[in-house]
Amino acid sequence: MTPSQDLDTSTNPDIDLEGYGNPESDPLDELPGEVEMSIFDHLEELRQRIFYALIAVAVSVIGCFLAVKPIVQLLEIPAHGVKFLQLAPGEYFFVSVKVAGYSGLVLASPFILYQIIQFVLPGLTRRERRLLIPVMLGSSVLFAGGLLFAYVLLIPAALNFFISYGADVVEQLWSIDKYFEFVLLLLFSVGLAFQIPVIQLLLGALGIISSQKMLSGWRYVIIGSVVLGAILTPSTDPFTQSLLAGAVLGLYFGGIGLVKLVGK
């Protein structure tokens with residue numbers, strides 16, 4: 001029998017050609033509006049996205065530098081009762097540049113996320129695109145929550161320990177550069193630590209690890225949260241370290257709940 005005879009439905013009525021060579025697939029796993037691009041096109045688009053992001057960061061940093069005095073005063077509030085000294089020529093200027101840099105990066109982060117989304121979007125399936133907005137929105141909210149948690153609770157607790165320790169022995173005169181190095185590092189470290197649920201949701205949604213597996217490792221998570229609290233909080237008092245360790249644990253178990261909600 002020839003191939004043409006083999007596929008002739010008039011002589012072989014039992015043969016169903018519907019879907020022949022076209023296996024049934026889940027529409028959610030398809031790439032909507034897929035457009036073929038060469039490696040050079042991808043590199044050119046990546047260059048443009050990075051350029052736009054850098055422009056946004058530069059504009060934000062310049063704007064924050066022009067209004068840096070209120071930002072500096074805001075970040076000095078947790079250290080009430082402390083006098084700051086400029087111990088070297090230009091120290092406050094470089095502190096201003098550092099504060100403007102961090103603040104500008106935070107302000108420009110939504111636009112940076114938008115550029116990242118636009119670059120990776122063509123390569124995502126419909127299923128993956130459904131996760132994009134919740135992940136990006138959740139990441140932004142959690143980062144802001146981490147900054148607020150550090151500013152309202154963690155930094156004051158750490159500073160109170162430093163101020164009270166040896167208060168009857170030494171006068172509290174601090175280098176403004178060292179103070180802002182401490183505050184900015186703690187703020188952004190805690191903001192990044194608050195991304196734990198987002199990472200868990202991604203790992204669960206992609207099928208890399210299940211919520212049950214995450215829950216089974218709770219002993220290691222407790223140890224890791226204590227170690228993380230000790231590393232990120234420079235003060236040695238257990239209260240400050242427990243604050244961050246407790247927050248990390250709450251975020252981790254909250255992330256497990258999110259993974260369960262998406263059926264993983």
Side-chain angles (χ1 to χ4, degrees), residues 44-121 132-133 135-160 162-163 171-195 198 232-235 244 247:
E44 177 61 22
E45 184 181 2
L46 178 61
R47 186 190 67 81
Q48 290 181 354
R49 300 295 178 189
I50 292 175
F51 177 74
Y52 295 151
L54 290 177
I55 291 295
V57 170
V59 171
S60 299
V61 169
I62 293 173
C64 289
F65 184 78
L66 295 177
V68 74
K69 186 176 180 179
I71 302 175
V72 169
Q73 292 173 334
L74 179 67
L75 294 176
E76 287 179 344
I77 291 176
H80 52 83
V82 174
K83 291 185 178 180
F84 295 99
L85 299 178
Q86 183 173 230
L87 301 179
E91 185 174 347
Y92 175 67
F93 172 79
F94 291 112
V95 166
S96 301
V97 172
K98 189 182 300 184
V99 171
Y102 278 98
S103 303
L105 191 59
V106 171
L107 287 180
S109 58
F111 187 78
I112 295 173
L113 286 176
Y114 173 77
Q115 294 301 321
I116 294 173
I117 291 173
Q118 290 300 309
F119 180 71
V120 302
L121 196 62
L132 197 59
I133 293 179
V135 165
M136 293 298 182
L137 181 61
S139 177
S140 301
V141 171
L142 284 172
F143 187 80
L147 295 180
L148 187 63
F149 173 81
Y151 180 79
V152 174
L153 294 176
L154 203 59
I155 292 176
L159 293 179
N160 285 336
F162 288 133
I163 293 172
E171 187 178 358
Q172 302 297 327
L173 301 174
W174 292 355
S175 163
I176 191 170
D177 180 55
K178 295 299 182 182
Y179 172 76
F180 276 94
E181 184 178 323
F182 164 80
V183 168
L184 293 173
L185 179 62
L186 194 55
L187 281 170
F188 278 83
S189 297
V190 175
L192 292 176
F194 268 53
Q195 301 300 306
V198 175
L232 294 184
T233 53
S235 62
L244 183 55

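The structure displayed is predicted, hence computed values, not measured ones.
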Rounded to the nearest 0.5 Å, how far does [atom2] of [Y] lie from [atom1] of [X]?
X	Y	atom1	atom2	answer
Leu159	Leu186	CG	CG	8.5 Å
Ser140	Gln195	OG	CD	8.0 Å
Ile50	Ile116	CD1	CD1	9.5 Å
Ile71	Lys69	CD1	NZ	13.0 Å

Tell me the closest heavy-atom pair linking [X] and [Y], and the distance in Å.
X	Y	answer
Tyr179	Leu75	OH-O, 2.6 Å
Val95	Asp177	CG2-CA, 3.5 Å
Leu107	Cys64	CD1-SG, 3.4 Å
Leu74	Pro78	O-CD, 3.8 Å
Phe93	Gln86	N-OE1, 4.4 Å
Leu85	Glu91	O-OE2, 4.2 Å

Can you find a pair of side-chain heavy atoms, one from [X] and one from [Y], that are under 4.5 Å apart?
X	Y	answer
Leu87	Lys178	no
Lys98	Leu184	yes
Val97	Phe65	yes
Ile155	Leu187	yes
Phe180	Tyr92	no
His80	Asn160	yes
Trp174	Lys83	no
Gln73	Ile77	no

### Message
Quick check: Phe194 with Phe143 (ring centres under 6.0 Å apart)?
### Response
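Centroid distance Phe143-Phe194: not below 6.0 Å, so no.
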Worksheet item: Quick check: are there more than 12 heavy atoms from other residues, nucleotides or ligands sitting under 6.0 Å from CZ of Phe111?
Response: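 Yes, CZ of Phe111 has more than 12 neighbouring heavy atoms, counting only those of other groups under 6.0 Å.
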Inset, instruction - Return yes if some donor-acceptor pair links the side-chain N/O of Ser139 with the main-chain N/O of Val135 below 3.5 Å, else return no. - result: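 No.
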- Chi angles and distances behind the side chain to side chain contact (heavy atoms under 4.5 Å, CB included) call for Phe119, Gln115: CA-CA 6 Å; Phe119 180 71; Gln115 294 301 321; over 6 Å; no
Practice task
Take Phe84 and Leu173 through the side chain to side chain contact (heavy atoms under 4.5 Å, CB included) test and state the conclusion after the steps.
Solution key: CA-CA 6 Å; Phe84 295 99; Leu173 301 174; over 6 Å; no
